[in-house]
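What follows is a single structure, written as structure tokens, with notes after it.
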Amino acid sequence: MEFSVESSFPFNFKTVVTSHGWCQVKPFHWREEEETLEYILELSNRRVIRLEMEGDQNGFKVKTGNLSRLERIETEQKLHWMFGTDIDLSLFYKAIKGTSQLAHAKKKSMGRVLRSPTLFEDVVRTILTTNTLWSATIRMTNKLVEQFGESLPQDPELQAFPTPSRLAQTNEDNLRSETRLGYRAPYILELARRIDSNDLDLESLKTSDLPIQELRNELLKINGIGPYAAANLLMILGRSDYLPIDSWALKVVSHEWFNGEPIKPSQVQEVFDKWGEWKGLVFWCWDWKLFHENDDKK
DNA sequence: GGTAGACCTGGACGC
DNA sequence: GCGTCCAGGTCTACC
């Protein structure tokens, strides 16, 4: 079957999909040439389906197998969340008006970040981005999906992202030796087990109206989530008050404002403070000089 | 509040 | 092929 998902405007399908690296990692698959995104989704009734999405005039269209009425409602709800279709970007565009390094943001409808259907998936993915190279993040996440994800009946080579209850049943040794998560293994296992035993209601944070500092504190309580990871997750939750300062951020900010001299996180903070509640998005959308210089060298 | 060291893996490099 | 070094955030202990 085929159906459309409508979004608030402005909206650009490809811009959301490529907003960060999630589209390169299972169970996402981005087919660049066709500008088509695939995702393997496990529904609450445990049925696993394959979604194929491409942009259209009002948002994007979705191809999948036949769904019952309830399955379709659930799928649509998840897709609206993943693409942030209810997000109003007008105040962000107003805040950045007149800044040349951000002029492209409105033209490309930037400001939405591709989300996973569950916050659990986004937290696990984020933990797997910390203290490692991007290639290792891809390897660890793909392995986690292959090893623990429920298979698509029509193509068992494809799996959905593992649910907390499936991960809760494994053990730390397996996550270390087979999935190669290293010291992150106990963090992922503890998170899965807390959710599975109803000790933690992570998904409620998606709709929480907690003040930003309290929301951040809730994320920081999760083992494996520090300031950088919390800032990234807040961006995913649509709150851009904090900066995800990692080694890459120190590099590009130093190059942009400090002549490439070594800088501290507090200096990155000072540069972006004037953007207030938008600083995370401003950082995300900034047109870094370093990229253009690298382009020139190609 | 700030800092140092450990955590773990895979890739790059030298021999 | 083997050993060593390095990059990457977070946690814990300590000052």
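Numbered from 1 within each chain, the chains take letters A, B, ... in sequence-line order.
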Protein-nucleotide distance ([X], atom [atom1]; [N], atom [atom2]), rounded to Å:
X	N	atom1	atom2	answer
Leu128(A)	dG9(C)	CG	C1'	13 Å
Ile188(A)	dC11(C)	CD1	P	12 Å
Leu133(A)	dC5(C)	CG	P	18 Å
Arg184(A)	dG8(C)	CZ	P	13 Å
Tyr183(A)	dA6(B)	OH	C1'	11 Å
Lys264(A)	dG2(B)	NZ	C1'	10 Å
Trp134(A)	dG9(C)	CH2	P	13 Å
Tyr187(A)	dT9(B)	OH	P	13 Å

(Q) Please determine whether the number of non-hydrogen atoms from other residues, nucleotides or ligands lying under 6.0 Å from atom CG of Asp273(A) exceeds 12. (A)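 Yes.
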Q) For dT9(B), does OP1 or OP2 lie under 4.0 Å from any side-chain N or O of Arg139(A)? A)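 No.
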Q: Return no unless some side-chain N or O of Arg180(A) is found under 4.0 Å from OP1 or OP2 of dG10(B).
A: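 Yes.
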Q.
If you take any heavy atom closer than 4.0 Å to DNA chain C, which residues from residues 218-252 of chain A end up in contact?
A.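 Residues of residues 218-252 of chain A that come under 4.0 Å of DNA chain C are, in numerical order, Ile222(A), Asn223(A), Gly224(A), Ile225(A), Gly226(A), Pro227(A), Tyr228(A), Ala229(A), Asp246(A), Ser247(A).
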Q | Within the 6.0 Å centroid threshold, strictly below: Trp278(A) and Phe272(A) | A |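 Not close enough - the centres of the two rings lie 6.0 Å or further apart.
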Q. Less than 4.0 Å between a side-chain N and a carboxylate O, is that true for Glu38(A) and Lys63(A)?
A.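 Salt bridge flag = no for Glu38(A) with Lys63(A).
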[X] versus [Y]: any side-chain heavy-atom pair under 4.5 Å?
X	Y	answer
Tyr228(A)	Thr129(A)	yes
Glu6(A)	Thr85(A)	no
Leu237(A)	Lys206(A)	yes

